[in-house]
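Heads up: the structure comes next, in structure tokens.
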Amino acid sequence: MVNTKQTTKKATGNFALEKKSVAAETKFTLGQLKENSRSIFGVQPEVVDGALFDYKEKQITKTEASNLIKKFLQKVVK
């Protein structure tokens, strides 16, 4: 009969965590995005007005504005 030995490896916890640096996105005024809404988002300025109606800040990134515009355009009209 052969003796088999089972070994278990324990994690030592010496793992190096990678920190990913994310570049800060440029913020624009609501007026700048409204003026250039056709070229940036492909929508009319009135859509930007509706999407950002309740937005409290004076500046916003293009990504945030784009997400709000998409949500606005997907709302069901009652």
Ser66 (side chain) donor-acceptor with Thr63 (main chain) under 3.5 angstrom: no

Shortest non-hydrogen contact from Tyr55 toward Glu64: OH-OE1, 3.7 Å

Nearest-0.5 Å distance that lies between atom NZ in Lys62 and atom OG1 in Thr26: 8.0 Å

Ala65 to Leu33 - nearest heavy-atom pair and separation: CB-CD1, 3.8 Å

CD-NZ distance between Gln32 and Lys27, expressed to the nearest 0.5 angstrom: 13.5 Å

Ile60 CD1 to Phe28 CZ distance, which is reported to the nearest 0.5 Å: 11.5 Å

From CG (Asp54) to NZ (Lys56), nearest 0.5 Å: 5.5 Å

Heavy-atom closest contact (Ser37 atom, Val48 atom, distance): CB-CG2, 3.5 Å

Heavy-atom pair with the smallest gap, counting every atom of Lys34 and Asp49: NZ-OD2, 3.1 Å

Interatomic distance, Thr29 atom OG1 to Glu35 atom CD [nearest 0.5 angstrom]: 7.0 Å

